[in-house]
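Computed from a predicted model, the values in this text were never measured in an experiment. All heavy atoms count here, side chains included; hydrogens, waters and symmetry mates do not.
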Amino acid sequence: VELMSLLIFVMPGMFAKRKDQLKKMFSLFPKSQDDSERTHYEKDRIAHAKRIMKPFFLRRLKVDVLTDLPNRSPAWRRVPIVPEAERALLPASVRLVRTRATKIEATW
């Protein structure tokens with residue numbers, strides 16, 4: 001879905017009207033399949049898709065691009081929680097603390 005969205009964004013004239021076709025094409029190749037299990041046709045289609053998309057992807061490291069940024073300095077800020085959020089989060093927090101306490105007690 002993400003790749004399809006990128007294709008539509010980058011080249012709307014070419015891909016916007018072919019959403020169904022793209023969905024079908026990407027659903028033909030499940031991610032979990034090992035490369036050795038793919039047929040020659042599947043490998044060819046995947047290689048073709050990669051050739052089409054190659055000009056639109058830049059592979060650079062952040063250290064190579066953002067050399068003028070200062071070093072990161074962590075900062076902690078206390079932010080008050082609104083009452084509605086506190087009421088929503090409190091039961092989950094209590095459950096989490098109880099679960100952790102039970103695990104600690106079990107190891108003693």
Set of residues satisfying side chain to side chain contact (heavy atoms under 4.5 Å, CB included) with respect to [X], sequence neighbours excluded:
X    : result
V82  : E84, A85
H40  : none
R100 : L96
A75  : R77

Starting from V79 and following side-chain heavy-atom contacts under 4.5 Å between hydrophobic residues (I, L, V, M, F, W, Y), which residues can be reached?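 So far as hydrophobic clustering goes, V79 is joined with none.
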